[in-house]
K.L.:
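Could you have a look at this structure, given as structure tokens, before my questions?
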2 protein chains.
Amino acid sequence: MESRVGISVTLEVVCGKWKGLILWKLLQDESLRFNALRRSLDGNISSRILARELKQLMNDGLVERIDHQTVPPHVEYRLSSYGRSTASFLHAMNQWGIKHQEEMRAVQSYPGRTGDESTP
Amino acid sequence: MESRVGISVTLEVVCGKWKGLILWKLLQDESLRFNALRRSLDGNISSRILARELKQLMNDGLVERIDHQTVPPHVEYRLSSYGRSTASFLHAMNQWGIKHQEEMRAVQSYPGRTGDESTP
DNA sequence: GTTGAAACTAACCTTTTTGTAACTACTTGT
DNA sequence: ACAAGTAGTTACAAAAAGGTTAGTTTCAAC
């Protein structure tokens, strides 16, 4: 047995519409407040979703919540040192994604590829 | 702007319950027939789902379908040379996943982590 | 003294993803 | 003749993911 499917484990942690982006942002910005992170995420993640995503990432030990115990609240989120280890695959994913975008743009010029059946 | 979010592009291609695993299998086995691939995927992917996943992967240019034009049908699936480029991040993801599993096993021994609210 | 911002949470609803069961056409093995 | 295997597809159902709206508490600014 050589497979082990660590892949699935990683996907469980990183999959979905936002988790990857959140990690990526935190990898760049070091520390962000809730609403700052929210606004930095390309348009429109709702606070409900962001809160839930962060909770899950904290649960996986990747993100730390620093509550300055002030009122009105001041809370920061940052990657734990363990969280920073996700850089190992996030960088690779980012690289590939950028290349893939170009690849797709090139391929789309050619007709004859079987699109998702969009003509009913 | 430094981000570019290639991450999201990659996640769109690889996310979900099966796509990552399928790529991973094909990365190891070189070429697999439909039902062989199906059976190799840890239990239970339905043929409907597998067919759709493969279709999408073909659409992204990652997987090739080789139809031997016989009856009863004999069809093989394999990664395209471009598909093999996903190895760049799949290996990293697999590595991390394996480590993460161990990490999680260690952490679960400690109480005091905020689980997904499971006590109503 | 009303408004806005901070960091959320709760109730509710919609969309997307995933799964189940049955069925196609054709051949090989018993 | 009948079961089983090939590579799928279709119609339907369930579950998961994502989103919307409103509301909480407290302070600072206008």
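Values reported hereafter were calculated over all heavy atoms of this structure, with side chains retained and with hydrogens, waters and symmetry mates removed. Quick caveat, the model's predicted, so the values are computed rather than measured. Residue numbers start from 1 in every chain, and the chains themselves are labelled A, B, ... in the order their sequence lines are given, proteins ahead of strands.
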K.L.:
Chain B on DNA chain D: first and last contacting nucleotide, 5' to 3', under 4.0 Å to a heavy atom?
P.N.:
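Under 4.0 Å from chain B, the extent on DNA chain D is dG5(D) to dA11(D).
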K.L.:
Rounded to whole angstrom units, what separation is found between the CG atom of Leu50(B) and the P atom of dA21(C)?
P.N.:
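Rounding to the nearest Å, CG of Leu50(B) and P of dA21(C) are 18 Å apart.
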K.L.:
Please state how far atom CD in Gln56(B) lies from atom P in dT16(C), giving the value in whole angstrom units.
P.N.:
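Between P of dT16(C) and CD of Gln56(B): 13 Å.
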K.L.:
For Ile45(B) and dG19(C), give me the distance from atom CD1 to atom P, rounded to whole Å.
P.N.:
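Roughly 7 Å, once rounded to whole Å.
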K.L.:
Output the rounded distance in Å from CD1 (Ile49(A)) to C1' (dT16(C)).
P.N.:
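Taking CD1 of Ile49(A) and C1' of dT16(C), I get 13 Å after rounding.
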K.L.:
Roughly how far, to the nearest 0.5 Å, is CG of Leu79(A) from CD of Glu64(A)?
P.N.:
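Spacing of CD (Glu64(A)) from CG (Leu79(A)) equals 8.5 Å.
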K.L.:
Between dT17(C) atom P and Lys55(B) atom NZ, what is the distance in whole Å?
P.N.:
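So the two atoms are 16 Å apart, to the nearest Å.
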K.L.:
Is Lys17(A) close enough to dT16(C) that one of its side-chain N or O atoms is under 4.0 Å from OP1 or OP2 there?
P.N.:
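False: Lys17(A) side-chain N/O out of range (4.0 Å or more) of dT16(C) OP1/OP2.
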K.L.:
How long is the straight-line distance from CZ of Arg52(A) back to NZ of Lys19(A), given to the nearest 0.5 Å?
P.N.:
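Output value for this atom pair is 7.5 Å.
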K.L.:
Return the CD1 to CG distance between Ile7(B) and Leu27(A), rounded to the nearest 0.5 Å.
P.N.:
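Interatomic distance, Ile7(B) CD1 to Leu27(A) CG, rounded to 0.5 Å: 8.5 Å.
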K.L.:
Mind calculating the distance between CD (Gln69(B)) and P (dC26(C)) to the nearest angstrom?
P.N.:
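Atom CD in Gln69(B) sits about 15 Å away from atom P in dC26(C).
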K.L.:
Looking for any heavy atom pair under 4.0 Å, which part of the strands does Arg52(B) touch: base, sugar-phosphate only, or nothing?
P.N.:
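Base contact.
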K.L.:
Has the side chain of Arg48(B) got a donor or acceptor atom sitting under 3.5 Å from an opposite partner on the base of dT20(C)?
P.N.:
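Such a pair is found, so the answer is yes.
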K.L.:
Which residue lies toward the 5' end of DNA chain D, Gly16(A) or Arg33(B), if each is placed at its nearest nucleotide?
P.N.:
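Final value for this comparison: Arg33(B).
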K.L.:
Is a donor from one side chain sitting under 3.5 angstrom from an acceptor on the other, for Ser31(B) and Glu76(B)?
P.N.:
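Yes, a side-chain donor-acceptor pair sits under 3.5 Å.
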K.L.:
Are the ring centres of His91(A) and Trp96(A) closer than 6.0 Å?
P.N.:
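Centroid separation for His91(A) and Trp96(A): 6.0 Å or greater.
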K.L.:
Counting only side-chain nitrogens and oxygens, does Trp18(B) get under 4.0 Å of the OP1 or OP2 atom of dG19(C)?
P.N.:
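Checking Trp18(B) against dG19(C): at least one side-chain N or O falls below 4.0 Å of OP1 or OP2.
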K.L.:
Just the rounded figure in Å: distance from C1' of dT17(C) to CG of Leu11(B).
P.N.:
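The distance from CG of Leu11(B) to C1' of dT17(C) comes to 16 Å, rounded to the nearest Å.
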K.L.:
Glu102(B): what forms a salt bridge (Lys or Arg N to Asp or Glu O under 4.0 Å) with it, not counting sequence neighbours?
P.N.:
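In terms of salt bridge (Lys or Arg N to Asp or Glu O under 4.0 Å), with neighbours along the sequence ignored, Glu102(B) is linked to no residue.
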K.L.:
Where each residue is assigned the nucleotide of DNA chain C containing its nearest heavy atom, which of Ser47(B) and Glu53(B) is assigned the position nearer the 5′ end?
P.N.:
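Per heavy-atom nearest nucleotide, the more 5' residue is Glu53(B).
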K.L.:
Checking side-chain contact (heavy atoms from CB on, under 4.5 Å) for the pair Asp60(A)/Glu103(B): CA distance, chi angles, key distance, verdict?
P.N.:
CA-CA 9 Å; Asp60(A) 285 324; Glu103(B) 190 89 3; over 6 Å; no
K.L.:
Name the residue closer to the 5' end of DNA chain D, choosing between Pro72(A) and Cys15(A) according to the nucleotide with the nearest heavy atom.
P.N.:
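So the residue in question is Cys15(A).
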K.L.:
Find the distance Asn44(B):CG to dT17(C):C1' and express it as a whole number of Å.
P.N.:
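So the two atoms are 15 Å apart, to the nearest Å.
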